[in-house]
Amino acid sequence: MKTPLSSSPSVVLRKTRFSPYLFTLLAFIVFVAILYGEDFMCILGQLEPSPGRVISKPKPVKKISKLAFAIGEGEEGCDIFSGRWVRDELTRPLYEESDCPYIQPQLTCQGRGRPDQDYQKWRWQPHGCDLPSFNATLMLETLRGKRMMFVGDSLNRGQYTSMICLVHRLIPDDQKSIKTYSHDSLTVFKAKDYNMSIEFYWAPFLLESNADNAIVHRISDRVVRKGSINKHGKHWKGVDILVFNTYLWWMTGLEMKVLKGSFEDDDKEIITISTEEAYGMGMRSMLRWVRRNMDRRKTRVFFTSMSPTHAKGIDWGGKPGENCYNQTTMIEDPNYWGSDSRKSIMKVIGEVFSKSKYPVTFLNITQLSNYRKDAHTSIYKKQWNPLTPEQLANPASYADCVHWCLPGLQDTWNELLFAKLFYP
Ligand SMILES: *[C@@H]1O[C@H](CO)[C@@H](O)[C@H](O)[C@H]1NC(C)=O
Ligand SMILES: *[C@@H]1O[C@H](CO)[C@@H](O)[C@H](O)[C@H]1NC(C)=O
Ligand SMILES: *[C@@H]1O[C@H](CO)[C@@H](O)[C@H](O)[C@H]1NC(C)=O
Ligand SMILES: *[C@@H]1O[C@H](CO)[C@@H](O)[C@H](O)[C@H]1NC(C)=O
């Protein structure tokens, strides 16, 4: 129900100044304020402070500065990342694998012979509210004349690809293009008439590292360079919506090698610190870059949390040797979390972000993805190397339990991004 105030609050308030019925009105407003306390606070919160307002100010209302691109507010008290998976054959998948030519051969599971499709038919249902449905028209109109860029590792490349798949059908064939630059470090999808681009920039640590070559990056002895964010960051300048991720590449064990100085130095000073410490260093570098280079009134920055892997069946009560291979159902235990490293890294993220002065929107997709042991590409992907007879005899040995089939789980990550972009 609407209060009389909500139709045109400023007018009502200004009129009261000289009204002979001031007292009656005031009494009425107080009455309404008590009845609809919350709405009333909201209305007052939205008003610009004007000198000479008759009504004394209510207790301090937290001033929420509007985030760029927001068209509404998320439901108060609803954590959209806390929820459950609901089977939905009517609206899922959001597109067909065969309708999106941009999916890399590493993620086209049906095309590579995956026999089941159930993994495509789930919708994320937050406990406290509903997600807005992904509106590709709105997304494209918002991106008109703008650049959106995903920066990070191959998991973020998957989310990037999902985003293109979700919007590309609205763009005529002769208006869209995709190109890669600098040996695959940068992939740019463009829509000519919209004058917009959706891009992916490969930087698995965000900082400079010895794994930065987008093609030859399978390095076991990984070294990341301290204080080097501008090495890649200079290529992110001028972007309107940035989506970062970084996690898996830091997981080399309990420790991480960090280079002080430069990779060109003859005498390299390399220190070894704990993974958490190193990851925190990376996070703080990213936030510093964001603070210095992004304009919070016009741009948005997202950070996607750790994408979980499902390489050890014993984690969810499976048999030893089992992994994501041949899994067609998800993990039912709502409290399932999996590996401990995810916990300690989540803690680092929480600490670093809580001190951030820049509003980075956190996409906390770890828990909801934890359940999805069924959603990985497994053996249904293009293989880098020919398989040996031993591997062929034991498919679990070469299953990819890191990446996700498209369409699939990562479309949900983008639905959450959509929700937070427009209704933060
Ligand atoms: C999607 O967004 C467009 C542009 O804002 C709007 O005109 C349209 O009504 C929306 N569609 C739905 C189904 O909400
Ligand atoms: C296209 O978008 C870019 C920003 O990405 C902007 O600088 C340029 O002015 C736009 N061009 C036109 C013709 O709108
Ligand atoms: C796959 O899982 C099903 C049960 O879900 C089982 O019957 C079958 O033997 C498994 N196949 C292989 C090759 O492991
Ligand atoms: C992300 O979600 C998980 C599980 O819901 C929660 O435990 C964690 O604290 C959240 N992380 C942050 C940084 O808010």
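Indexing begins at 1, ligand by ligand and atom by atom, following the structure's order.
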J.: Around ligand 4, what residues show up once you keep those with a heavy atom under 4.0 Å from it?
T.: Met346, Gly350, Phe362, Asn364, Gln367
J.: Output the distance between atom CD (Glu351) and atom CE (Met283), rounded to the nearest 0.5 Å.
T.: 13.0 Å
J.: Ligand 2 and Asn195, any nitrogen or oxygen pair closer than 3.5 angstrom?
T.: yes
J.: Do any nitrogen or oxygen atoms of Asn326 come within less than 3.5 Å of a nitrogen or oxygen of ligand 3?
T.: yes
J.: Between the side chains of Trp122 and Thr412, does any donor sit under 3.5 Å from an acceptor?
T.: no
J.: Output the list of atoms in ligand 3 that are nearer than 4.0 Å to some heavy atom of Tyr325, sorted by atom number.
T.: 13 (C)
J.: Rounded to the nearest 0.5 Å, what separation is found between the OG1 atom of Thr304 and the CG atom of Leu155?
T.: 9.5 Å
J.: Just do the side-chain hydrogen bond (donor to acceptor under 3.5 Å, both in side chains) check on Asp116 and Thr328 with the steps written out, would you?
T.: CA-CA 7 Å; Asp116 58 308; Thr328 53; 5.3 Å; no
J.: For residues 309-321, pull every pair meeting side chain to side chain donor-acceptor pair (under 3.5 Å), keeping only residues two or more places apart or in separate chains.
T.: His310-His376
J.: Tell me which pairs pass side chain to side chain donor-acceptor pair (under 3.5 Å) where either residue lies in residues 103-112, with sequence neighbours left out.
T.: Gln104-Thr161, Gln110-Gln117, Gln110-Tyr119
J.: Sequence neighbours left out, what passes salt bridge (Lys or Arg N to Asp or Glu O under 4.0 Å) with Asp333? Give chain and number order.
T.: none
